[in-house]
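Right, one structure below, let's go through it.
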Amino acid sequence: MPEKVVHLHKNTEPPADDTAPTVLTVVPDPAPPKPVPLWVRSGRAVQRAARHERTKTTVRAVARHGLYTFNGGRIVARRTWDGKTGARYERMIRAAEAAGNNELAEEWEERLQRFRDARHRRRMDLLHSPVEVAKGVAVGTGMGIGTLVALGVVMAINNSDVKDVITPLAATIDFIGLLIRIVQVVWGPALTIGPFLALLALWAVGSKQQAAPQWALPANVRSGEGEPITPSIVVKALRDLGIPAMRNAIKEMGDAGASMLGPITIAGCGVEVDVTLPSGVSTNEVQSKRRKLAENLTRHEHEVFITIPQAARTVRLWVADSGALDEPIGPSPLVTDDTMTADYVKGRAPWGQDLRGDAAALSLYQRHLLITGLSNQGKTVALRSLALWLSLDKSVQFLMGDLKGVGDWAMFDGLATTLIQGPTDEHVIQVTEMVEGAVDEMNRRIQAPPGTVFPPLIVLVDEAQVAFMCPAKDEDKRPYGGAKANSRYFMAVRKIHNQGRAVNVLMWQGTQDPTNENLPKLVREGAHTRASLALGTESQARMALGDKAVDGGAAPNLLRPGLDRGTLVVASDGITIPAGQSSITVRTHFIDDDDAETITDRAKALRDGVTTLHAIERGEHRDPLADIASVVGDASRVLTQDILKRLAALNADAYGGWSFIDLKRVLDGTGAEPYKSDGRMVVGRDRLARSLANRDDEGSASADG
């Protein structure tokens with residue numbers, strides 16, 4: 001029986017039931033594969049990625065050059081067709097008709113008719129040309145042979161050799177034969193190379209026109225950095241917006257779509273052009289596609305602005321040079337010119353630059369101001385730069401409340417009459433009382449003799465949303481915050497908005513992230529100058545600037561938070577706005593804290609010295625409801641006019657400036673509201689008594705609790 005050899009690995013059992021003699025040998029286990037080093041795996045991945053990138057580059061190159069040739073042929077065919085037919089003139093006529101310019105359409109129609117007449121004459125000439133050519137050839141040949149023979153006769157006479165008569169004719173025949181041989185030699189290669197030369201010519205035309213899709217173009221061309229804005233680029237960008245009516249109208253116009261465009265003019269760090277839209281295309285359709293339009297123009301979204309001028313069915317495009325808006329605009333004249341002064345009435349604050357690169361200056365004369373935007377976008381700096389300029393007019397007085405309280409307005413200490421800094425409810429109470437004090441000053445000025453001139457009083461509250469959102473209430477349970485008729489801060493601001501302008505008492509506010517809760521509608525609409533930095537939504541933009549400005553193209557919600565810090569959209573008659581627009585975009589100068597202190601030091605030097613209060617001094621505490629009850633006395637009811645007179649006599653400081661509105665404000669919600677009796681407004685004694693009793697009972701219950 002033959003032996004059976006079995007090779008065993010370590011840790012394995014031999015076969016159990018095998019009758020043949022077995023020779024066992026032990027074979028070591030195969031070694032496990034060595035792990036591939038990380039640098040080798042990374043190198044392979046890079047190699048695969050490189051091959052993949054080379055493949056994509058190769059595919060793009062093949063597609064690009066092939067499309068250059070194909071589209072170059074289309075361009076040449078189109079040009080040839082335009083040159084041989086009246087297609088170009090017909091497109092111009094349709095474009096003029098689409099634009100509603102009948103006079104221009106008639107002019108192009110006359111040119112088309114002249115072209116057709118000239119073409120007809122050329123064709124009629126071609127009908128007679130073969131006969132004329134044959135006659136010309138016959139005459140020319142005869143004259144040529146006669147000339148050669150005559151030349152040969154002259155040579156024969158001169159040389160005394162009759163053979164020379166045919167020498168010129170023979171030489172000519174030999175030359176013609178040489179030309180035929182040359183053509184025979186060259187003709188074959190020319191037939192072979194000719195098509196390649198034709199394709200090369202078509203490729204050159206397509207390459208010059210970049211006649212290939214964007215994805216197939218080289219990276220440096222595809223980026224479009226620095227690409228100038230031309231009429232054809234604008235027309236193509238509009239055609240590819242995805243608006244069917246626009247695309248069809250431009251398709252009908254052909255290359256004459258440029259007739260929609262006004263002149264492309266240089267405007268600061270970009271260009272500007274007015275576009276008259278075809279019938280059936282509305283301006284808001286174009287506005288809503290700002291990003292796509294910008295990308296079609298090889299720009300970023302923030303580098304294209306769309307506004308609505310006065311002309312009907314027209315949009316105005318401002319297109320920045322690539323990257324120009326990311327460059328700084330330079331320091332403020334307040335920093336560079338230490339001799340600058342301000343004039344509240346006739347001057348304008350140097351605020352920054354508009355998109356054209358022109359200086360943007362704002363008039364502050366008798367204009368309430370509101371600046372809003374997201375947090376950390378430069379709101380305080382923009383608001384502070386206006387106050388810094390105005391501080392250089394020594395007649396201007398400031399009442400300031402900084403409800404952030406981090407020292408952004410600390411340099412106005414010794415310059416402002418009142419400066420309250422802090423974010424707490426107590427600071428809101430102090431700021432509210434400061435604004436109410438400005439209301440009292442406004443009422444005093446209103447009651448002054450006609451013709452009295454008052455110095456400007458700027459009531460400035462930064463982070464005003466803190467005041468509107470404050471939940472604190474006074475002893476009469478009137479809230480300091482909110483937007484109701486009994487809200488103390490809200491009503492004080494409204495009073496200044498209503499009457500302060502006439503006596504140079506102005507309200508300036510800066511607020512974050514506007515909503516109906518932290519910036520009530522009546523307050524934001526009371527500002528004459530409204531400016532907004534970057535915002536999150538269009539609804540916030542409408543709150544900040546108003547519907548008219550947003551419908552006219554204002555879009556602070558499209559500014560880039562962080563990247564466009566200090567750039568704001570302004571709606572005001574105090575700044576020069578291009579004709580037909582409702583707003584202007586301003587890139588404000590940045591003035592840091594050190595430069596701001598330097599400017600305020602100059603402003604303080606113009607004044608004799610200002611003592612700044614950091615809290616509101618409160619006088620004797622009065623209980624208005626109890627005082628009203630005391631002046632009513634034992635009478636069952638008293639006319640509201642008489643109550644006001646008695647209150648003024650009781651305490652002129654507290655009640656001397658009261659009106660019926662103030663009286664009603666105190667009594668509203670107490671159950672003792674004024675009512676009519678015999679057609680006149682009165683206050684009832686019994687109602688006052690019940691109101692006081694209920695208030696005392698509630699106070700006791702609260703104390704017991």
Side-chain angles (χ1 to χ4, degrees), residues 366-371 397-403 416-422 424-447 454 456-511 516-528 613 615-619 621-622 624 653-669:
Q366 292 188 345
R367 289 179 176 86
H368 302 303
L369 176 66
L370 172 66
I371 299 180
Q397 302 172 1
F398 292 98
L399 300 176
M400 292 185 168
D402 175 16
L403 293 177
T417 305
T418 302
L419 176 60
I420 299 170
Q421 303 178 86
T424 67
D425 289 350
E426 178 58 31
H427 291 102
V428 172
I429 294 172
Q430 294 279 333
V431 167
T432 301
E433 293 176 348
M434 177 190 77
V435 179
E436 290 175 336
V439 174
D440 294 337
E441 170 64 14
M442 176 189 72
N443 291 332
R444 184 188 69 80
R445 294 183 177 190
I446 291 173
Q447 296 171 6
F454 300 101
L457 176 61
I458 307 299
V459 185
L460 189 153
V461 179
D462 194 12
E463 306 296 340
Q465 77 279 354
V466 178
F468 285 113
M469 299 295 289
C470 178
K473 296 183 179 180
D474 62 12
E475 61 275 6
D476 295 326
K477 298 185 178 179
R478 292 181 57 208
Y480 287 94
K484 295 183 178 179
N486 61 346
S487 168
R488 291 181 60 175
Y489 180 78
F490 171 76
M491 289 306 298
V493 173
R494 286 292 300 140
K495 289 176 181 178
I496 295 178
H497 279 176
N498 289 339
Q499 296 179 295
R501 176 177 176 272
V503 289
N504 283 333
V505 177
L506 302 176
M507 191 75 208
W508 290 10
Q509 295 183 97
T511 182
N516 284 321
E517 288 72 28
N518 64 24
L519 187 58
K521 180 178 179 180
L522 292 178
V523 170
R524 60 182 186 251
E525 291 185 348
H528 302 100
L613 300 178
I616 301 300
E617 297 180 355
R618 298 183 174 92
H621 177 71
R622 306 292 305 185
D653 292 336
Y655 304 115
W658 267 35
S659 64
F660 172 74
I661 295 176
D662 297 303
L663 178 63
K664 184 176 182 298
R665 170 177 53 79
V666 172
L667 296 178
D668 279 348

Under 4.5 Å between any side-chain heavy atoms of [X] and [Y], yes or no?
{"X": "Val461", "Y": "Val435", "answer": "yes"}
{"X": "His427", "Y": "Val466", "answer": "no"}
{"X": "Tyr489", "Y": "Cys470", "answer": "no"}
{"X": "Asn516", "Y": "Arg524", "answer": "yes"}

Please report the interatomic distance [atom1]([X]) to [atom2]([Y]), rounded to the nearest 0.5 Å.
{"X": "Leu403", "Y": "Asp462", "atom1": "CG", "atom2": "CG", "result": "8.0 Å"}
{"X": "Leu369", "Y": "His528", "atom1": "CG", "atom2": "NE2", "result": "11.0 Å"}
{"X": "Met434", "Y": "Thr417", "atom1": "CE", "atom2": "OG1", "result": "10.5 Å"}
{"X": "Met491", "Y": "Ile661", "atom1": "CE", "atom2": "CD1", "result": "7.0 Å"}
{"X": "Leu667", "Y": "Asp476", "atom1": "CG", "atom2": "CG", "result": "10.5 Å"}
{"X": "Met469", "Y": "Asp425", "atom1": "CE", "atom2": "CG", "result": "11.5 Å"}

Over all heavy atoms of both residues, which pair between [X] and [Y] is shortest? Give the atoms and the distance, please.
{"X": "Arg445", "Y": "Val503", "value": "NH1-O, 2.8 Å"}
{"X": "Asn518", "Y": "Thr511", "value": "O-OG1, 4.2 Å"}
{"X": "Leu370", "Y": "Ala527", "value": "CB-CB, 3.7 Å"}
{"X": "Val431", "Y": "Gly401", "value": "CG2-CA, 4.0 Å"}
{"X": "Ser487", "Y": "Tyr480", "value": "OG-O, 3.4 Å"}
{"X": "His368", "Y": "Val505", "value": "CE1-O, 3.5 Å"}

Less than 3.5 Å apart, which donor and acceptor atoms pair up between the side chains of residues 495-502 and the rest of the protein, not counting sequence neighbours?
unit_1 : atom_1 : unit_2 : atom_2 : d
Asn498 : OD1    : Arg494 : NH2    : 3.3
Asn498 : ND2    : Arg494 : O      : 3.2
Arg501 : NE     : Gln366 : O      : 2.9

Give the C-alpha distance, both sets of side-chain angles, the deciding distance and a yes or no for side chain to side chain contact (heavy atoms under 4.5 Å, CB included) between Gln421 and Met400. CA-CA 8 Å; Gln421 303 178 86; Met400 292 185 168; over 6 Å; no
Apply side chain to side chain contact (heavy atoms under 4.5 Å, CB included) to residues Arg665 and Asp662 and explain how you reach the verdict. CA-CA 5 Å; Arg665 170 177 53 79; Asp662 297 303; 3.4 Å; yes
